[in-house]
Amino acid sequence: MAIVQSEGECWGLNLCSSEKAKAAALSFMPILSWLPSYPVKKYLFSDVVSGLSTGVVQLPQGLAYAMLAAVPPVYGLYSSFYPVLLYTFFGTSRHISVGTFAVISLMIGGVAVREAPDSMFMNINATGSNASDAINVELRDKSRVQVAVMIVLGLLRFGFVAIYLTEPLVRGFTTAASMHVVISQLKYLLGVETQRYSGFLSAIYSVKAVLSRITSTNIATFLLGLGCIIFLYVIKILNERFKKKLPIPIPGEIIVVIVSTGISYGLSLSKEYKVHVVGNIPTGLRPPAAPNISLLPNLVTDSFAIAIVGFSMDVLLAKIFALKHGYSVDGNQELIALGLCNFISSFFQTFAVTCSMSRSLVQESTGGKTQIAGLLASLLVLVVVVAVGFVFEPLPQTALAAIIMVNLIGMFKQFRDIPSLWRTSKIELAIWVIAFIASVLLGLDYGLLVAVTFAILTVIYRTQSPKTSILGHVANTGLYCDVDEYEEAAEYEGIKIFHSNSSIYFANSDLYVNSLKEKTGLNPEHLQAARKAQKKKERRRRTAIGRLLTHDVLSQSHVAEDQKNGQFGDRHGDSEEAVFLEPFSTVHSIILDWTSATFIDSVGAKAIRQVLIIKEHAAIDVRVVINAIKTRPPIYPLIFTNSCGDYLWTMNCS
């Protein structure tokens with residue numbers, strides 16, 4: 001019997017292990033959970049339309065955002081193919097479009113310019129193409145490190161890093177990043193040559209450099225770029241206004257790319273009018289290459305910042321679409337998916353990517369149901385890279401700058417957050433403004449650090465200065481509300497219910513005790529001191545009377561009269577003491593409502609012990625009650641360290 005039981009246990013363990021392995025595989029590669037049951041007739045047509053529409057948008061954006069990343073445009077196409085293909089297998093969102101993103105590309109470009117400035121290559125006898133390749137090597141290695149950090153964080157389940165990037169912070173930061181992006185594209189729009197800046201006050205230096213060269217503006221470049229901006233803006237308005245009537249959005253970006261390429265080729269804009277064009281686009285895919293680990297020390301900090309921003313944007317959009325369409329996304333799996341997409345793709349000369357808001361909206365609005373749409377979009381980019389990439393060599397850079405600028409209109413609409421936050425939350429407004437100003441002036445990396453630090457400080461401020469109140473019962477309900485805010489709330493006679501909306505720890509423990517004394521109107525120290533003074537005065541009076549009684553020269557009548565006066569004085573003293581001690585009889589119980597407290601530290605426990613255990617309130621005949629203890633760690637070992645709790649009654653403990 002023992003042998004059979006042992007075999008049964010082993011079989012059960014094997015079954016459990018196999019189920020865990022299956023669950024782990026499905027969690028690591030979500031496509032295995034939905035692809036076998038993919039409803040072809042119901043979803044395929046919608047995914048095909050969505051995939052082609054998204055691919056048409058992804059192609060010009062890949063070319064354009066490569067300029068932000070300070071690499072040749074072909075690397076933007078690589079980054080629009082490999083990561084998108086891989087996300088189909090590892091991602092949990094059905095609607096986001098992974099690929100190049102303006103903010104991330106700009107951050108990468110800043111690091112690339114810093115680590116491989118033009119001055120480092122001035123003595124190299126190389127063509128412009130070779131110089132671009134040299135800059136690309138640095139950026140490519142930087143990308144390896146960035147995604148390596150991202151995947152390590154994902155495998156260690158550190159998906160919680162994004163909780164410090166609240167929505168106001170992210171929106172303020174991305175608005176500032178959009179400012180940087182637009183400023184960086186001014187030189188392409190005007191056709192002027194300026195140095196690319198990064199770091200502190202880079203936005204100001206860039207604007208100053210463009211304005212100093214504005215007299216050398218290339219008129220043909222500017223007119224072409226301005227025409228592209230106007231056309232794209234009109235198309236965007238039409239798509240928004242008639243989105244319910246249009247089966248698919250009008251692909252303004254690809255129209256601009258095709259038309260401007262045709263104009264550039266037909267009129268020889270590069271040769272005749274000195275219009276800067278994309279240039280050489282190699283046909284085909286490059287073989288994989290190993291990263292240069294020697295660059296790791298210089299790039300870890302930037303890699304971590306880019307990883308956090310990329311993951312935050314991904315999860316933010318993924319949750320928006322998941323909520324809208326009624327499914328869930330796994331934050332940690334999204335981090336792993338982005339890490340794997342970037343890490344594996346980086347061996348094929350891609351830079352870091354995340355999801356794009358504009359493409360995700362296209363993929364969702366055109367009827368995309370699953371990431372099959374993303375797969376088809378990546379295959380469309382692959383066709384261009386392998387077969388027809390050379391067609392886009394005459395594409396003017398000013399057209400790509402126009403595409404970038406118009407696509408950022410939605411980001412600048414986030415300025416509308418300011419009046420809304422002003423009405424709802426001044427603290428969140430401060431987070432938005434600090435994130436924006438710091439990111440504009442200090443650069444995106446240090447700006448993000450300042451914004452996150454400030455956001456954490458606001459949390460400390462909110463818990464350090466909690467809202468306290470005295471609660472009253474609303475008749476015929478089970479509600480207890482602030483008596484200062486709700487007229488219907490009435491206090492129980494002789495009972496004070498003290499509520500604080502924060503935990504109790506070292507930063508607010510003194511404020512908690514002081515607020516308790518202020519709200520309840522009871523200060524045990526003052527009342528005990530007054531009682532002692534009254535008793536001392538009474539003892540002095542009684543002592544004086546005793547001396548009079550023992551004096552031999554007094555007559556019996558005088559003694560009797562003195563005794564009579566003494567009895568009258570006793571009654572008068574008792575009356576005075578009763579009048580003075582009147583507050584002790586009006587409040588006999590205080591309830592500390594801790595339903596909002598999640599933790600209490602040792603300093604907070606000492607503050608509570610001062611109120612409860614040292615018998616301050618017991619000395620004035622007031623009983624203290626704790627309601628709903630749900631703290632971590634448990635409060636009893638912190639407060640009741642001695643057997644002094646005989647006068648403390650606790651209720652509703654859990």
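Model, not experiment: these values are computed from the prediction. Numbers here simply count residues along the sequence, with the first being 1.
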Looking at [Y], is its backbone amide N or carbonyl O close enough to the side chain of [X] to form a donor-acceptor pair, meaning the two atoms are under 3.5 Å apart?
| X | Y | answer |
| --- | --- | --- |
| Q58 | L380 | no |
| S80 | G76 | yes |
| S439 | F436 | no |
| S268 | K271 | no |
| D314 | T354 | no |
| S346 | F343 | yes |
| S420 | D417 | no |
| E393 | I281 | yes |

Electrostatic pair D47-K369, nearest N-O below 4.0 angstrom: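 Looking at D47 and K369, the cut-off is not met.
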I219 CD1 to L226 CG distance, which is reported to the nearest 0.5 Å: 11.0 Å
Separation between CE of M67 and CG of L106, rounded to the nearest 0.5 Å: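 That separation rounds to 12.0 Å.
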Compute whether any side-chain donor of one residue and acceptor of the other, for [X] and [Y], lie under 3.5 angstrom apart.
| X | Y | answer |
| --- | --- | --- |
| T366 | S50 | yes |
| T175 | Q414 | yes |
| S358 | Q61 | yes |
| E334 | Y87 | yes |

Hey, is [atom1] on [X] packed in by over 12 heavy atoms from elsewhere, all under 6.0 Å?
| X | atom1 | result |
| --- | --- | --- |
| Y265 | OH | no |
| F415 | CZ | yes |
| K236 | NZ | yes |

Minimum side-chain heavy-atom gap E364-R359 below 4.5 Å: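 A side-chain contact is absent here, since even the closest heavy-atom pair is not under 4.5 Å.
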Intermediate values then yes/no, salt bridge (Lys or Arg N to Asp or Glu O under 4.0 Å), E240 and K413: CA-CA 14 Å; E240 292 178 357; K413 290 181 179 179; 3.7 Å; yes
Y38 and Y43 aromatic ring geometry - parallel, tilted or perpendicular at 30°/60° bounds: perpendicular
Geometric class of the Y75/Y78 ring pair [parallel <30°, tilted 30-60°, perpendicular >60°]: perpendicular
Test log, rule ring-ring contact (aromatic ring centres under 6.0 Å, His included), inputs W34 and Y327: CA-CA 13 Å; W34 59 265; Y327 63 93; over 10 Å; no
